[in-house]
Amino acid sequence: MLHWPFVARLVIAVDGPSGAGKGTVARTAARALGYRHVDTGAMYRAVAWRALDRGVALDALDAVAAVAAAAAFDLADGVVRIDGHDVTHAIRTPEMDRAATLVARNPAVRDVLVARQRTLGAGGGVVMEGRDIGTVVFPQADVKIYLDASPEERARRRAADPAHTSSRTSDVAHVAEDLAARDKSDSTRSVAPLIRAADAIYIDTTGLPIADVVEQVLELVRDKAAAKG
Ligand code: DC
């Protein structure tokens, strides 16, 4: 993969619903640019996992926020660790999908994680993916991408995703139901709902090879880097 001789250390925000291709696109683009990839959804998932691990009920808002505030995250190289526990696989189950969606509605947790995410991206040279990166975490991001795909395609991709472990995930109809419920929660919650930033570039990835989407993103980054000098 091409590594550009980059001096620019830009902040690239990639937002959109589950199954839109954010993970693959953000990871591949970050690798091509020599940038850091930060999956913020994994942080919400890890907090949910750690709260349950410590016997904290997910509706105990302050207690869950305390878990987040005390947590040590390690997100290097596609491995997700929280407080020393490798949760890379444990956080990708339908149960953790639902638990993370609950945790992501907790305003106090969001305050904690948004602050961590700003620190992670402070020096630039980062591709950060999530739901509120271009709207809340980095409203001044150099490049903002909003990825989307049809509900059917998103459900198909999620069902085929080997990172998601469960017999249920092979059942596209169930996955579609779960996705619809989580999308509704993510886009109607009162804090940092999933919305497209007015200045985000919208890419509908339905039927597109991921490599084409990555190429579009890299082109946008190249243009921005050239404009910045
Ligand atoms: O992208 P994901 O499915 O791993 O995200 C897990 C949950 O966290 C999902 O309900 C969306 C939510 N989330 C969020 O609210 N804000 C983010 N920046 C990232 C994820």
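Since the model is a prediction, treat every value here as computed from it, not as a measurement. First listed ligand is number 1; within each ligand, the first listed atom is number 1.
In this structure, CG on Leu220 lies 5.5 Å from CD1 on Ile201, to the nearest 0.5 angstrom.
Looking at Asp39 next to ligand 1, no N or O pair under 3.5 Å apart turns up. The N/O atoms of Tyr44, backbone and side chain alike, include none that comes under 3.5 Å of an N/O atom in ligand 1. Between Thr40 and ligand 1, a contact under 3.5 Å exists for at least one N or O pair. Among the atoms of Arg182, some N or O lies under 3.5 angstrom from an N or O of ligand 1.
Gly41 CA, 3.5 Å is the protein heavy atom nearest to atom 5 (O) of ligand 1. In terms of protein heavy-atom proximity, atom 7 (C) of ligand 1 is closest to Ala100 CB, 3.9 Å. When hydrogens are left out, the protein atom nearest atom 10 (O) of ligand 1 is Thr101 OG1, 2.8 Å; that is the closest non-hydrogen contact.
Using cut-offs of 30° and 60° for the angle between ring planes, the His85 and Trp49 rings count as tilted.
Here Arg45 has side-chain heavy atoms under 4.0 Å from ligand 1, and that is the only part of it that gets that close. By the criterion of a heavy-atom distance under 4.0 Å, the side chain of Asp186, and not its backbone, is placed next to ligand 1.
Checked against salt bridge (charged side-chain N to carboxylate O under 4.0 Å, His left out), Asp53 has the following partners two or more places apart in sequence or in another chain: Arg50.
Relative to atom 15 (O) of ligand 1, the option among Met128, Arg189, Met96 with the closest non-hydrogen atom is Arg189. For atom 1 (O) of ligand 1, the nearest non-hydrogen atom from the set Arg92, Arg131, Lys22, Met43 comes from Arg131.
One N or O on the side chain of Asp142 and one on the backbone of Val11 form a donor-acceptor pair closer than 3.5 Å. Arg116 places a side-chain N or O within donor-acceptor distance of the main-chain N or O of Ala69, the cut-off being under 3.5 Å. Between the side chain of Asp77 and the main chain of Val79, no donor-acceptor pair closer than 3.5 Å is present.
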| said: As a quick check of understanding, evaluate side chain to side chain donor-acceptor pair (under 3.5 Å) for Thr24 and Arg157, giving each step before the final call. | reply: CA-CA 11 Å; Thr24 313; Arg157 285 183 189 155; over 6 Å; no
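No hydrogens or angles considered: a donor-acceptor pair under 3.5 Å links the side chains of Arg131 and Ser18.
The closest approach between any non-hydrogen atom of Arg110 and ligand 1 is below 4.0 Å.
Proximity of Asp97 to Arg45: side-chain heavy atoms (C-beta onward) are separated by under 4.5 Å at one or more points.
Taking every heavy atom of Ala104 and a limit of under 4.0 angstrom, the matching atoms of ligand 1 come to 8 (O), 12 (C), 15 (O).
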